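What follows is a set of notes on a single structure, which appears directly below.
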Amino acid sequence: ISYVYNRSTIFRANADGTNMVKFVTVDDNKITSLALAGSDLFWTSTNSSDNSTGAIYHCDIRDTNRAFSVLQTTTSEPQDIAADERLILD
């Protein structure tokens with residue numbers, strides 16, 4: 001399984017790109033990066049009007065409701081994110 005994004009939507013697909021389905025949408029924001037560590041999916045986004053602010057999000061991919069939370073807001077556009085599975089607390 002892999003996760004890809006296009007503007008404000010994250011999609012889940014097979015590793016070969018087949019069977020792509022919408023996973024989650026972040027309204028009024030542009031997703032800028034993704035990181036998957038175990039069952040934890042993290043992503044960054046920026047506001048779509050002028051890219052002046054952003055946020056870091058988290059979602060447990062095992063959650064069938066696909067609920068996500070904002071971990072941190074930023075005062076500038078976040079560019080990349082990385083996650084180390086060994087450092088994530090349950």
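Model, not experiment: these values are computed from the prediction. FYI, side chains are in, hydrogens and waters are out, and symmetry mates aren't considered; it's all heavy atoms of this structure.
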### Message
Tell me whether Val26 shares a hydrophobic cluster with Val4, the cluster being built from Ile, Leu, Val, Met, Phe, Trp, Tyr side chains joined at under 4.5 Å.
### Response
no
### Message
Centre-to-centre under 6.0 Å for Tyr3 and Trp43, is that the case here?
### Response
no
### Query
Atom CD1 in Ile61, atom CZ in Arg66: separation rounded to 0.5 Å?
10.5 Å
### Task
Report the distance from atom CG of Asn29 to atom OG of Ser8, rounding to the nearest 0.5 Å.
8.0 Å
### Task
List the steps, then state whether side chain to side chain contact (heavy atoms under 4.5 Å, CB included) holds for Ile31 with Arg7.
CA-CA 6 Å; Ile31 297 169; Arg7 186 125 181 103; over 6 Å; no
### Message
I need the Asp60 CG to Asn65 CG distance, nearest 0.5 Å.
### Response
11.0 Å
## Note on the structure
Distance col, row Met20:CE vs Asn6:CG, nearest 0.5 angstrom, shows 9.0 Å
### Query
What distance separates Phe23 CZ from Leu34 CG, expressed to the nearest 0.5 Å?
10.5 Å
### Short side-chain to backbone donor-acceptor contact, Asn14 and Asp16, under 3.5 Å
no
### Query
Does any non-hydrogen side-chain atom of Leu41 lie less than 4.5 Å from one of His58?
no
### Task
Compare every heavy atom of Gly54 with every heavy atom of Pro78, then report the nearest pair and how far apart it is.
CD-CA, 3.7 Å
### Query
Measuring from Gln72:CD to Phe42:CZ, what's the distance to the nearest 0.5 Å?
13.0 Å
#### Entry: Considering all heavy atoms, the nearest Ser45-Tyr57 contact
OG-CE1, 3.1 Å
### Task
Decide side chain to side chain contact (heavy atoms under 4.5 Å, CB included) for Thr9 and Val24; before the verdict, give the C-alpha distance in whole Å, the side-chain angles of both, and the deciding distance to 0.1 Å.
CA-CA 6 Å; Thr9 302; Val24 70; over 6 Å; no
### Query
Yes or no on side-chain hydrogen bond (donor to acceptor under 3.5 Å, both in side chains) for Thr44 and Thr32, after CA distance, side-chain angles and deciding distance?
CA-CA 6 Å; Thr44 58; Thr32 55; 2.5 Å; yes
### Task
Spell out, as yes or no, whether a donor-acceptor pair under 3.5 Å connects the side chain of Ser69 to the backbone of Leu71.
no
### Query
So which heavy atom on Ala67 is nearest to which on Cys59, and how close?
O-SG, 3.3 Å
